[in-house]
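The structure appears below as structure tokens.
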Amino acid sequence: AQVLTSANSAGFTPLHQALKEGNPNNVRLYLDLLRECDKPLQTKVLTRANSAGFTPLHQALKEGNAENLGLYLDLLRGCSPELRVQVLTSANEAGFTPLHQALKAGNPTNLSLYLKLLRGCASELQTTVLTSKKKAGFTPLHDALKEGDPANLGLYLGLLKGCDKFLQTKVLTSENSAGFTLLHDALIAGNPDNVGLYLGLLRECEKSLQAQVLTSANSAGFTPLHQA
């Protein structure tokens, strides 16, 4: 137990390090050993954050190795629902969750693997993950619109389309600390493809939700039309 949970001065555990170095054989050997350990130890290893507040899942998403991420997510699927909740909702001091990390890293393959796991989770967990906010009030969808990768945004919106109306409304009407909605951010980022994808989803929503999004004003009183 002590060996598996040991950390260096930066808070990197052996699992953080294995994912950072990127050798799938080493990651597989480590995860095979972890799979045989008791649940408390698995929990400790999978939720352990380094000095930046990043768990091994953050690390896997940051490094961009799809094979290693797949190995990690396979292990996570076999864990208890409670542990999956802990891992998927983990955040550093700035509120940076694994989904924020996946969108920042910009790797569509890794994002697709992550969203596939999330799609199979309970609706309550999906709600927590999709509406989580960083300190400035940015949800993962704010980040998807700002990062400018239409492929990643399309993957995210594909998941959102399959969610219930309550969650869609909660996500699409979210605002950051300055009152900026997703549509404000999309227009500020200036990527026509992303604006088109977002408006395509909004077009499929109920009229009342469309009205709420299109007329929302930020703290300066600007609606999305002002921003455009």
Side-chain angles (χ1 to χ4, degrees), residues 1-121 125 128-130 132-136 138 140 143-144 147 149 151-152 155-156:
Q2 191 171 354
V3 172
L4 294 179
T5 58
S6 61
N8 66 12
S9 58
F12 274 70
T13 66
L15 182 52
H16 284 98
Q17 192 64 39
L19 292 165
K20 181 178 174 63
E21 291 181 358
N23 186 318
N25 291 327
N26 288 349
V27 172
R28 183 180 291 104
L29 287 169
Y30 181 93
L31 294 179
D32 283 346
L33 174 61
L34 185 61
R35 193 174 277 111
E36 297 175 6
C37 297
D38 59 34
K39 300 300 181 186
L41 180 55
Q42 289 182 2
T43 299
K44 192 170 184 179
V45 170
L46 296 178
T47 60
R48 178 74 179 266
N50 63 20
S51 56
F54 292 127
T55 66
L57 180 54
H58 286 92
Q59 194 72 41
L61 290 163
K62 177 184 178 183
E63 297 304 330
N65 187 309
E67 186 174 355
N68 285 340
L69 177 62
L71 291 168
Y72 180 101
L73 295 179
D74 283 344
L75 172 66
L76 194 58
R77 283 188 182 90
C79 295
S80 67
E82 293 77 17
L83 180 51
R84 284 199 296 275
V85 169
Q86 280 186 264
V87 172
L88 294 177
T89 60
S90 59
N92 68 4
E93 289 186 2
F96 214 75
T97 67
L99 182 52
H100 285 102
Q101 180 64 62
L103 291 164
K104 181 176 177 62
N107 185 317
T109 302
N110 282 358
L111 179 61
S112 180
L113 288 169
Y114 176 91
L115 294 178
K116 183 179 179 181
L117 175 64
L118 186 61
R119 189 175 281 111
C121 294
L125 177 54
T128 301
V129 170
L130 296 180
S132 60
K133 291 186 176 183
K134 297 189 294 188
K135 274 193 173 178
F138 293 113
D143 276 4
E147 294 299 334
D149 189 328
N152 283 337
L155 289 168
Y156 182 106

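Source: prediction; values computed, not measured.
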Flag if over 12 foreign heavy atoms under 6.0 Å of NZ, Lys20
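No - once you tally the heavy atoms of other residues, nucleotides and ligands closer than 6.0 Å, there are 12 at most.
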Supply the atom-to-atom distance [X] [atom1] to [Y] [atom2], rounded to the nearest 0.5 angstrom.
| X | Y | atom1 | atom2 | result |
| --- | --- | --- | --- | --- |
| Gln59 | Leu69 | CD | CG | 12.0 Å |
| Asn68 | Asn23 | CG | CG | 7.5 Å |
| Lys135 | Glu93 | NZ | CD | 6.0 Å |
| Leu34 | Leu41 | CG | CG | 6.0 Å |
| Gln42 | Cys79 | CD | SG | 5.0 Å |
| Leu117 | Arg77 | CG | CZ | 5.0 Å |

Residues that Lys134 engages under salt bridge (Lys or Arg N to Asp or Glu O under 4.0 Å), provided they are two or more places apart
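So Lys134 forms a salt bridge (Lys or Arg N to Asp or Glu O under 4.0 Å) with Asp143.
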Could you work out, with salt bridge (Lys or Arg N to Asp or Glu O under 4.0 Å) as the rule, every residue matching Glu67, not counting sequence neighbours?
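Residues passing salt bridge (Lys or Arg N to Asp or Glu O under 4.0 Å) with Glu67: Arg28.
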Identify every side-chain donor-acceptor pair in residues 104-112 under 3.5 Å, counting partners at least two apart or on other chains, and give the distances.
unit_1	atom_1	unit_2	atom_2	d
Asn107	OD1	Thr109	N	3.0
Asn107	OD1	Asn110	N	3.1
Asn107	ND2	Gly64	O	3.3

Counting only N and O atoms by type, is there a donor-acceptor contact under 3.5 Å from the side chain of Tyr30 to the main-chain atoms of Leu4?
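A pair under 3.5 Å: yes.
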Test your reading of the model: is there a side-chain donor-acceptor pair from His58 to the backbone of Phe96, 3.5 Å cut-off?
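Confirmed, His58 side chain pairs with Phe96 backbone.
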Which atoms form the tightest heavy-atom contact between [X] and [Y], and what is the distance?
| X | Y | answer |
| --- | --- | --- |
| Leu33 | Cys37 | O-SG, 3.4 Å |
| Ser90 | Val87 | OG-O, 2.8 Å |
| Ala102 | Leu61 | CB-CD2, 3.9 Å |
| Gln86 | Thr43 | OE1-CG2, 3.7 Å |

Take Thr47 and Leu83 through the side-chain contact (heavy atoms from CB on, under 4.5 Å) test and state the conclusion after the steps.
CA-CA 8 Å; Thr47 60; Leu83 180 51; 3.9 Å; yes
Does Leu88 reach the side chain of Leu99, with side-chain heavy atoms less than 4.5 Å apart?
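Leu88 does not reach Leu99 side chain to side chain.
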State, with a plain yes or no, whether a side-chain heavy atom of Leu75 is found less than 4.5 Å away from one of Leu46.
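A side-chain contact exists here, since the closest heavy-atom pair is under 4.5 Å.
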Could you please spell out the steps behind the side-chain contact (heavy atoms from CB on, under 4.5 Å) verdict for Thr97 and Thr89?
CA-CA 6 Å; Thr97 67; Thr89 60; over 6 Å; no
